[in-house]
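Note that these values count all heavy atoms, side chains included, but never hydrogens, waters or copies made by symmetry. Position 1 is the first residue of the sequence, and the numbers go up from there. From a predicted model like this one, the values you see are computed outputs, not experimental measurements.
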Amino acid sequence: MTALRSDFLRILTERGFIHQCSDLEGLDAKAAAGEHVAYVGYDCTAPSLHVGHLLSIMMLHWLQQTGGKPIALMGGGTTRVGDPSGKDEARKLLTVEQIDANKESIKGTFSRFIAFGEGATDAMMVDNAEWLTKLNYIDFLRDVGRHFSVNRMLSFDSVKLRLDREHELSFLEFNYMILQAYDFAELAKRHGCILQMGGSDQWGNIVNGIDLGRRLGTQQLYALTCPLLTTSSGAKMGKTAAGAVWLNADMLSPWDYWQFWRNTEDGDVGRFLRLFTLLPMDEIARLEALQGAEINEAKKVLANEATALMHGREAADEAAETARKTFEQGALAETLPTVEVPPSVLDAGIGVLTAFGPEYAKLLPSMSEARRQVKAGGLRVNDVVVKDERAVLREGDMREGVIKLSFGKKRHVLLRPAR
């Protein structure tokens, strides 16, 4: 292949974002001419996006930095149907009120990475409910549905994998790929969007949109996917023992977010620095070359830069200082995540499994997981290993006005009586 002409595709290539592209040379020419309006769709299934969404958000960032116009498409309409991709069972259907609340909660994430406004390269936020909820079913079947082959739809992974496992696929979900394709054609007509980006599991859906656009008379459309990330040990990136790594601070504290990146496996440091920070490539190469214990310095840089992008530099610096005090000085840092507990609850006593679980510290996703960690010696109260799963925490367990709960060596929460 000839050398890439556009900064957009050159940066994405050297940083490791590109998995597949429908027409790399054609898209490169459009991007070099500054004609790259692109979108990524985000369904509103939860109040926050998670770290798995960061890859495509960073692609929107680099798109804007290289003269393109990013569109963040909120799935106010498609969330009502549910994307079957990568799922063995149907997503739980949410009410319109829940979807709208999730959408509002998610919106703030994007302003950390892309700039919104009215200019030629300023980002836009659009909701597909604007057109999907106004469709007439019979007209849609006649004008759009006729362009889709059921034989071809059955061959796509999002459908085929579900059927191969003999798991039910509802007619509602089967329609999802048609709606996503229609989104692409609609954005092309409304906003001159020529490119849809997303994870590699969306390839079939995006290509459907290209085909539908051609049949409906849009300009040439393009598909670009990023890899679905796993860690070097083969685990799905973005999952921890305590659950998903959320981007909203009210669902995962900046401290825990910093810790997630600090705990990156050695073999992933360079790759994650390229994908999830804005550091120049020569600095990343220097950090990636560190060996032995020095690789921990690269992990701290990764944690600092990724957290600064998401939560701001002040939050990143505070998390780094808390880590230094906690792990290097052994101090009980006041900036550790804190959960306030009603004094009456402490008077009555909290079961140690409950304290570590989702009701209070949220260090573990369930009581059964907390019980398993006790048996494995993974939980500590005030730096003492918990040996009895029936232990009860009370006011007398407080040290310096708090009870310190620790899961492993790097995850800590302080329980404090509510004032």
Side-chain angles (χ1 to χ4, degrees), residues 39-60 71-113 125-133 156-159 161-162 167-184 186-187 196-206 208-209 225-226 228-229 236-240 242-252 257 260 310 358 362 365-366:
Y39 91 96
V40 179
Y42 301 90
D43 278 345
C44 311
T45 53
S48 171
L49 299 178
H50 55 73
V51 79
H53 293 107
L54 264 187
L55 215 55
S56 62
I57 295 174
M58 291 299 294
M59 291 170 83
L60 290 175
I71 299 175
L73 180 68
M74 296 288 96
T78 42
T79 307
R80 303 185 195 187
V81 175
D83 183 1
S85 301
K87 300 292 178 183
D88 282 338
E89 56 187 28
R91 295 178 188 269
K92 179 185 175 184
L93 290 180
L94 304 177
T95 66
V96 173
E97 291 75 20
Q98 287 172 317
I99 292 169
D100 287 343
N102 288 345
K103 181 177 68 177
E104 289 304 312
S105 182
I106 286 169
K107 279 182 177 179
T109 295
F110 294 96
S111 59
R112 293 284 187 181
F113 300 88
M125 183 168 285
V126 182
D127 187 347
N128 61 18
E130 185 180 338
W131 52 84
L132 293 182
T133 57
F156 286 125
D157 284 346
S158 59
V159 173
L161 292 175
R162 181 85 72 85
H167 291 142
E168 184 177 293
L169 179 75
S170 72
F171 178 69
L172 181 69
E173 295 173 284
F174 194 56
N175 278 270
Y176 187 93
M177 66 177 73
I178 301 178
L179 297 180
Q180 184 172 333
Y182 186 70
D183 282 345
F184 199 177
E186 195 69 20
L187 287 170
Q196 183 181 171
M197 303 187 292
S200 58
D201 61 333
Q202 295 296 317
W203 177 254
N205 291 343
I206 300 174
N208 257 343
T225 62
C226 54
L228 292 181
L229 282 187
K236 186 176 181 180
M237 193 249 183
K239 293 287 186 181
T240 69
V245 180
W246 300 107
L247 302 185
N248 283 21
D250 59 349
M251 293 183 68
L252 187 78
Y257 191 77
F260 167 76
M310 187 63 247
K362 296 182 175 63
S366 65

Tell me, please, which residues at least two apart from W203 pass side-chain hydrogen bond (donor to acceptor under 3.5 Å, both in side chains). none
Rounded to the nearest 0.5 Å, how far apart are CG of D100 and NZ of K103? 5.0 Å
C226 and M59: CA distance, side-chain angles, deciding distance, side-chain contact (heavy atoms from CB on, under 4.5 Å) verdict: CA-CA 9 Å; C226 54; M59 291 170 83; 3.7 Å; yes
Rounded distance (nearest 0.5 Å) linking atom CZ of F113 with atom CD1 of I57: 6.0 Å
What distance do M74 atom CE and E130 atom CD have between them, rounded to the nearest 0.5 Å? 13.5 Å
Does N248 use its side chain to pair, donor to acceptor, with the backbone of S105 at less than 3.5 Å? yes
Which residues pass the side-chain contact (heavy atoms from CB on, under 4.5 Å) test with Q98, not counting sequence neighbours? L94, T95
For the CG atom of N205 and the CZ atom of F184, what is their distance to the nearest 0.5 Å? 12.0 Å
Assess the residue pair E186 and N128 against the criterion (side-chain contact (heavy atoms from CB on, under 4.5 Å)); give the C-alpha distance rounded to whole Å, side-chain angles, the decisive distance to 0.1 Å, and a yes or no. CA-CA 9 Å; E186 195 69 20; N128 61 18; over 6 Å; no
According to ring pair (Phe, Tyr, Trp, His ring centres under 6.0 Å), who are the partners of F110, at least two apart in sequence or on a separate chain? Y42
Applying side-chain hydrogen bond (donor to acceptor under 3.5 Å, both in side chains), can you list everything that pairs with N208, at least two apart in sequence or on another chain? R152
Looking only at heavy atoms, the pair that brings M310 and R112 closest together is O-NE, 3.1 Å
Mind checking what makes side-chain hydrogen bond (donor to acceptor under 3.5 Å, both in side chains) contact with S366, not counting sequence neighbours? S368
Kindly say whether G76 contributes a backbone atom to a donor-acceptor pair with the side chain of R80 at under 3.5 angstrom? yes
Main chain of C44, side chain of T79: is a donor-acceptor contact present, judged purely on distance under 3.5 Å? yes
Interatomic distance, K107 atom NZ to M125 atom CE [nearest 0.5 angstrom]: 6.5 Å
Under 3.5 Å side-chain donor-acceptor pair for Q180 and Q196: yes
Please enumerate all residues that pass side-chain hydrogen bond (donor to acceptor under 3.5 Å, both in side chains) together with N102, with sequence neighbours excluded. none
L73 side chain reached by D183 side chain, heavy atoms, under 4.5 Å: yes
Nearest 0.5 Å, please: how far is CG in L49 from CE in M251? 10.0 Å
Dump the intermediate steps for side-chain contact (heavy atoms from CB on, under 4.5 Å) on W246 and T109, then the final yes or no. CA-CA 11 Å; W246 300 107; T109 295; over 6 Å; no
Closer than 3.5 angstrom, by distance alone: can the side chain of S48 be matched with the main-chain N or O of L247 as a donor-acceptor pair? yes
May I ask you to decide if T45's main-chain N or O and D43's side chain share a donor-acceptor pair within less than 3.5 Å? no
Taking the side chain as every heavy atom from C-beta outward, state whether L60 and M197 have any atom pair closer than 4.5 Å. yes
